[in-house]
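This report refers to the structure that appears directly beneath it.
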Amino acid sequence: MAAAEAEVSNKGVILKRFVTGFPTEADLELVTAVVRLAVPPGSASVMVKNLYVSCDPYMRNRMSEHNEASYIEQFVPGEVLATFSVGRVVASGHPNFKSGDLVWGMSGCEEYTLITDPESLFKINHPELPLSYYTGVLGMAGLTAYAGFFDVSKPKQGDYVFISSASGAVGQLVGQLAKITGCYVVGSVGSDEKVNLLKTKFGFDDAFNYKKEEDLNAALKRCFPQGIDIYFENVGGAMLAAVLPNMRMNGRIAVCGMISQYNLEQPNGAPNLFCLVAKRIRMEGFMVLDYFGTYNKFEEEIAGYLKEGKISVVEDVAEGIENVPTALIGLFSGHNIGKQLVTIAHE
């Protein structure tokens, strides 16, 4: 057998059962299979060795059984979790990829993944930057921040910008892009350590620990006495309810996620919605998948900012595939500081 077609052990993380309520590490399981490092004859598939895998809040939605169609397919119990990864091609039947190429895209939460739809893969054009960045600032999370801020929020210099869950992979970049644009930026986070991070590392003008605020409405009035032009929504629930009365006329709300609602069997209602009418607010949800066609432009711009030192990155890196369950579940209690990812292999 050729070396390229060797059979190797392949550890991966599966969903044991559909989740209701708050997920636990017991809902996930580390399993070991065997994989041949080759692609089927005549196939356009690509075999990738995963180096880093991403842990993201949207994965919680995929852990539940959906009675109605959702924007993304649910995970299948007993199968390896799908996630975004950074990897190296070890075998390819596709003309656009060759062995040794560095890529990022949708893969599996495992050591090796056979990707049957390599059209979803992106080649990494800046390997001189940390490869882990392609799970975050230069990957799906970064493109989410970029598209949600510029295409959906339509910022202009001098806007007052508020970001919830502001130290995460998306929020940290939105804030820095807002500062580059010339906006006044405030973020909410869940610890004093994260407040300090926003102010000292990411250059936010102000920040607050929502867990220490008895009155979110009062906190927002303190930070935004003139009101909010742009709210980048990552949380929902009580935070959204407090934001709406504090929006300015013709404000914009870009709805990226609502992590406060993901583990609830009955999601919270949204009071104060008449503010949308009275203040002529535009509230728009968006999906990053709709912006993948703009990726190359985004990559070049953000890579430039990174090299110029205009954008900083904070990552929360777990080591080893066996720690995926802890890293993923920790997202929903705010354990991570910065972009959560797991190192699968050191080349």
Side-chain angles (χ1 to χ4, degrees), residues 54 56-57 84 104 122 125-126 129-130 132-189 194-195 197-207 223-224 228-235 243 247-248 251-257 259 282-315 337-340:
S54 180
D56 298 293
F84 286 93
W104 78 272
F122 294 91
N125 294 310
H126 290 279
L129 293 169
S132 60
Y133 283 9
Y134 282 87
T135 68
V137 65
L138 287 171
M140 182 273 290
L143 183 58
T144 299
Y146 187 91
F149 186 61
F150 289 116
D151 290 88
V152 181
S153 302
K154 306 250 188 279
K156 58 184 182 296
Q157 186 175 1
D159 276 346
Y160 294 89
V161 177
F162 176 53
I163 305 158
S164 55
S165 191
S167 67
V170 174
Q172 63 178 254
L173 182 55
V174 173
Q176 292 177 90
L177 292 174
K179 289 304 300 177
I180 290 171
T181 305
C183 301
Y184 181 84
V185 184
V186 178
S188 66
V189 286
K194 292 178 181 179
V195 167
L197 184 69
L198 294 188
K199 293 181 178 180
T200 61
K201 183 77 172 179
F202 300 137
F204 281 51
D205 295 288
D206 204 351
C223 294
F224 294 102
I228 301 166
D229 292 298
I230 293 173
Y231 173 41
F232 200 94
E233 167 68 294
N234 291 307
V235 170
V243 165
M247 294 294 294
R248 302 179 79 183
R252 289 87 74 202
I253 301 175
V255 184
C256 177
I259 196 169
R282 178 171 56 83
M283 184 173 179
E284 181 179 348
F286 70 99
M287 294 294 301
V288 68
L289 301 177
D290 297 335
Y291 295 91
F292 275 4
T294 67
Y295 177 73
N296 289 335
K297 173 182 178 294
F298 153 80
E299 182 190 25
E300 290 307 309
E301 185 172 339
I302 300 302
Y305 286 146
L306 288 165
K307 292 175 183 180
E308 294 167 11
K310 292 182 177 179
I311 288 177
S312 298
V313 176
V314 171
E315 298 176 316
I337 297 178
K339 167 61 192 172
Q340 182 67 67

Identify all side-chain donor-acceptor contacts of residues 302-312 below 3.5 Å with residues at least two apart in sequence or on another chain.
unit_1 : atom_1 : unit_2 : atom_2 : d
Tyr305 : OH     : Glu301 : OE2    : 3.3
Lys307 : NZ     : His126 : ND1    : 3.1
Lys307 : NZ     : Glu128 : OE2    : 2.5
Glu308 : OE1    : Lys310 : NZ     : 3.3

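Cys183 and Val161 make their closest contact through CB-CG2, 3.7 Å (heavy atoms, listed as atom of the first residue, atom of the second, distance). Here the closest heavy-atom approach between residue Leu177 and residue Thr181 is recorded as O-OG1, 2.7 Å. Contact record, Ile259 with Pro57: CD1-CB, 3.9 Å, taken as the closest heavy-atom pair. Smallest separation of non-hydrogen atoms from Ser188 and Ser164: OG-CA, 3.3 Å. A pairwise comparison of heavy atoms in Phe286 and Ala254 identifies CE2-CB, 4.3 Å as the closest pair. The minimum heavy-atom distance linking Ala207 with Leu198 is given by the pair CB-CD1, 3.7 Å.
Judged as a side-chain hydrogen bond (donor to acceptor under 3.5 Å, both in side chains), and not counting sequence neighbours, the contacts of Glu315 are Ser132. Looking at residues two or more places apart in sequence or on another chain, you find a salt bridge (Lys or Arg N to Asp or Glu O under 4.0 Å) between Lys339 and Asp56. With sequence neighbours excluded, the residues satisfying salt bridge (Lys or Arg N to Asp or Glu O under 4.0 Å) with Lys199 are Asp206. Applying the side-chain hydrogen bond (donor to acceptor under 3.5 Å, both in side chains) criterion to Asp205, with sequence neighbours excluded, gives Lys179. Residues passing the ring-ring contact (aromatic ring centres under 6.0 Å, His included) test with Tyr146 are Phe150, Phe298, sequence neighbours excluded. Shown here are the ring-ring contact (aromatic ring centres under 6.0 Å, His included) partners of Tyr184, two or more places apart in sequence or in another chain: Tyr160. For Phe292, the ring-ring contact (aromatic ring centres under 6.0 Å, His included) test picks out Phe122, with sequence neighbours left out. Residues passing the side chain to side chain contact (heavy atoms under 4.5 Å, CB included) test with Ala141, sequence neighbours excluded: Ala169, Val170.
Phe149 has its side chain out of reach of Ile163: every pair of non-hydrogen atoms, C-beta onward, lies at least 4.5 Å apart. Within the 4.5 Å cutoff, no side-chain heavy atoms of Phe204 are placed close to those of Val195. Between Val152 and Val255 the shortest side-chain heavy-atom distance does not fall below 4.5 Å. Side-chain contact check for Phe202 versus Leu197: some heavy-atom pair is nearer than 4.5 Å.
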Q) Would Asn296 and Glu300 count as a side chain to side chain contact (heavy atoms under 4.5 Å, CB included) if you check the C-alpha gap in whole Å, the side-chain angles of each, and the deciding distance to 0.1 Å? A) CA-CA 6 Å; Asn296 289 335; Glu300 290 307 309; 5.7 Å; no
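The salt bridge (Lys or Arg N to Asp or Glu O under 4.0 Å) pairs that include a residue from residues 162-174 number zero, where partners must be two or more places apart or lie in different chains. For the salt bridge (Lys or Arg N to Asp or Glu O under 4.0 Å) condition, the pairs that include at least one residue of residues 283-295, sequence neighbours left out, are Arg282-Glu284. Screening residues 148-173 for salt bridge (Lys or Arg N to Asp or Glu O under 4.0 Å) gives Lys156-Asp159, Asp159-Arg252 as the qualifying pairs, with residues at least two apart or on separate chains.
Atom CH2 of Trp104 sits about 10.0 Å away from atom OG1 of Thr135, to the nearest 0.5 Å. For the atom pair OH of Tyr291 and OG1 of Thr144, the computed distance is 10.5 Å after rounding to the nearest 0.5 Å. Here CD1 of Ile253 is found 11.5 Å from CG of Asp229. Values are rounded to the nearest 0.5 Å. How far NZ of Lys194 is from OG of Ser165: 7.0 Å, rounded to the nearest 0.5 Å.
Between Phe162 and Tyr231, the two ring planes are parallel [angle under 30°; tilted spans 30° to 60°].
Here the side chain of Gln172 pairs a donor or acceptor atom with the backbone of Ser167 at under 3.5 angstrom.
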